[in-house]
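Here's the structure, in structure tokens; my notes come after.
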Number of protein chains: 2
Amino acid sequence: MSPPLHISISEKLRHQIEAGVYAAGDRLPSEHQLMETFSVSRITARQAVANLVSQGLAIAYRGKGVFVTPQKKVTYSLSSPLVFLEQDMARQGIAFSFENLVFEPVAAPRDVAVALGIAKASSVYLQKKLFRMDGAAGAVDVTYLIADLGERFAPLLEQQMTFPTLAEHGIPIDCLDSVIECTHADYDLSGYLEVPLGHALMVYRYTAYSSDRQPVLHGSTISRADRFCYSLSTRARA
Amino acid sequence: MSPPLHISISEKLRHQIEAGVYAAGDRLPSEHQLMETFSVSRITARQAVANLVSQGLAIAYRGKGVFVTPQKKVTYSLSSPLVFLEQDMARQGIAFSFENLVFEPVAAPRDVAVALGIAKASSVYLQKKLFRMDGAAGAVDVTYLIADLGERFAPLLEQQMTFPTLAEHGIPIDCLDSVIECTHADYDLSGYLEVPLGHALMVYRYTAYSSDRQPVLHGSTISRADRFCYSLSTRARA
DNA sequence: TAAGCTCACTTGTTATAACAAGTTGATTGC
DNA sequence: GCAATCAACTTGTTATAACAAGTGAGCTTA
């Protein structure tokens with residue numbers, strides 16, 4: 001009935017973290033120290049540390065140690081939707097930048113074709129961007145843009161954010177369908193976002209429509225759970 | 001430069017799952033089979049399986065095997081906010097029920113006191129509920145209700161949902177401030193929600209106000225990432 | 001002094017080994 | 001035939017062992 005050793009140890013450390021014994025950024029005891037403190041093998045000590053990492057409470061660096069993760073989140077207002085990311089960031093005093101990872105025409109996958117109302121495997125432009133907040137990786141954005149706009153604005157879009165660029169050229173986004181969900185980091189995402197495999201990530205999936213009700217783009221912003229949250233203030237239903 | 005063995009193996013399995021070699025509910029090869037197939041030790045085979053589990057792609061049962069997890073989500077509309085959960089569920093053909101875990105007066109923690117605009121450590125009613133969708137655990141709701149309402153409706157609230165109960169007695173919720181974020185399952189939550197430690201969970205945190213602008217309750221709905229998502233359809237900013 | 005090397009310490013990966021505990025189906029005993 | 005037992009499978013926990021690889025401090029050498 002008693003929980004496994006590694007759980008007992010990680011729960012004890014978790015309580016110490018929450019009680020402030022170890023503050024954000026502090027180094028936790030090394031695996032060797034845990035082995036001696038709790039009289040367990042390295043496997044068990046490692047498992048305990050792995051539990052904390054999987055709970056997002058700590059992060060391990062080879063050669064350095066295991067450190068308590070800070071938790072300071074950027075808030076996004078959904079009341080005024082996620083179209084002018086840079087301004088939202090600036091308002092919260094965050095230096096925002098992005099790095100263009102991919103920009104190329106591809107055949108539309110099925111879900112994208114459905115969202116954009118085009119034939120499957122039609123040509124669309126795929127753009128992948130890495131968003132940085134104060135220099136640190138915060139989110140990956142994957143956008144599928146309808147072909148003619150992608151071709152037309154290709155050079156601009158590698159340097160500027162999508163919504164402002166479109167708006168500047170007479171294609172304002174009028175309507176946005178979005179879904180917020182949550183997923184786990186796969187191998188690629190864990191590399192880009194500098195989180196361990198399986199870490200919790202928020203997904204903001206959206207389809208944007210121009211003023212004539214035509215779908216213009218479909219994309220996902222996949223962000224680190226410890227750095228992002230979404231807020232919404234609203235009146236309830238009648 | 002090559003990734004670790006356990007990553008190679010779990011990535012291979014992931015691709016097979018995504019390609020449909022293993023469908024939702026299918027059993028994956030046992031640890032022993034993986035040992036032989038890839039000529040690795042059990043530790044490495046276990047690590048590969050652990051990677052899939054941590055990514056939410058599979059779930060392991062002792063004595064039975066490892067199975068591909070199904071992904072069918074219930075969608076919540078935020079356009080009409082999360083106040084009548086039962087109707088939302090019914091509309092999507094889900095049998096909803098809840099189990100009352102805790103209902104008792106407690107001293108308000110600091111964040112709750114701030115949200116409710118009362119003095120720290122004032123008395124409030126704490127209610128914890130386990131939401132079930134088609135019988136399976138889907139979310140845990142933790143609500144702090146202002147003292148007089150908690151006392152007044154205590155018997156009712158153990159059997160009925162909060163918002164409808166309040167509305168029926170002349171206390172409709174007029175306004176809702178909410179935040180959506182994402183967290184990892186700790187030991188307690190992993191037990192209630194039947195997910196592995198560290199699994200991704202969605203958190204819907206809300207403060208509800210009555211028609212006279214007074215805060216009435218503050219709570220969080222913590223739901224399984226593989227069973228919940230939130231949707232929002234809206235016009236963009238001018 | 002400054003550059004470079006070495007060493008001690010850290011976490012990461014992997015192997016072998018054993019026992020615990022849950023599940024399932026076959027066998028045995030009544 | 002039916003029930004109880006057992007054997008063979010599964011994953012879970014834990015120990016010991018070794019080497020790889022990144023970090024940083026201190027020493028050595030030019």
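Numbers restart at 1 for each chain; the letters A, B, ... are given by sequence-line order, proteins then strands.
Residue B:Ile7 contributes atom CD1, which lies 20 Å from atom P of D:dA20 at whole-angstrom precision. Rounded to whole angstrom, the span from the NZ atom of A:Lys64 across to the C1' atom of D:dG24 amounts to 10 Å. In this entry the distance linking CD of B:Gln47 with P of C:dT13 reads 7 Å, nearest Å. Rounded to a whole Å, the CG atom of B:Leu34 is 8 Å from the P atom of D:dT11. C:dC9 atom P lies 12 Å from atom CD of A:Glu36, rounded to whole Å. In this entry the distance linking CE of B:Met35 with P of C:dA15 reads 9 Å, nearest Å. Between B:Glu31 atom CD and C:dA17 atom C1' there is a gap of 15 Å when expressed in whole angstrom units.
Taking only side-chain nitrogens and oxygens, B:Ser41 never comes nearer than 4.0 Å to OP1 or OP2 of C:dT14. In this model, the phosphate group of C:dT13 is approached by a side-chain N or O of B:His6 to a distance below 4.0 Å at OP1 or OP2. OP1 and OP2 of D:dT11 both lie 4.0 Å or more from every side-chain N or O belonging to B:Arg46.
Residue-to-nucleotide proximity on DNA chain D shows that, of A:Gly63 and B:His32, the 5′-proximal contact is made by B:His32. When the nearest nucleotides of DNA chain D are assigned to A:Thr44 and A:Arg62 by heavy-atom distance, the more 5′-ward of the two goes with A:Thr44. Residue whose closest nucleotide on DNA chain C sits further toward the 5' end, between A:Ile43 and A:Val66: A:Val66.
A donor-acceptor contact closer than 3.5 angstrom is absent between the side chains of A:Thr44 and A:His6.
Heavy atoms only, all atoms of each residue included: B:Gly198 and B:His184 are closest at O-CD2, 3.2 Å.
For A:Arg27, taking side-chain heavy atoms from C-beta onward, the closest of the listed nucleotides C:dT10, C:dT13, D:dG12 is C:dT10. Distances from the side chain of B:Leu5 to the nucleotides D:dT11, C:dT10, C:dA15 place C:dA15 closest. In the set D:dT13, D:dC19, D:dT10, D:dC19 carries the atom at the smallest distance from any side-chain atom of A:Arg42. The side chain of A:Pro4 lies closest to D:dT14, out of C:dT10, D:dT14, C:dA21.
Nucleic acid contact for B:Val49: none, since no nucleic acid atom lies under 4.0 Å from a heavy atom of the residue.
In terms of modelled atom types and a separation under 3.5 Å, the side chain of B:Glu158 and the main chain of B:Pro155 share no donor-acceptor contact. In this structure, the side chain of A:Gln92 engages the main chain of A:Thr75 through a donor-acceptor pair within 3.5 Å. For A:Arg227 (side chain) and A:Ala137 (main-chain N/O), a donor-acceptor pair under 3.5 Å exists by modelled atom type.
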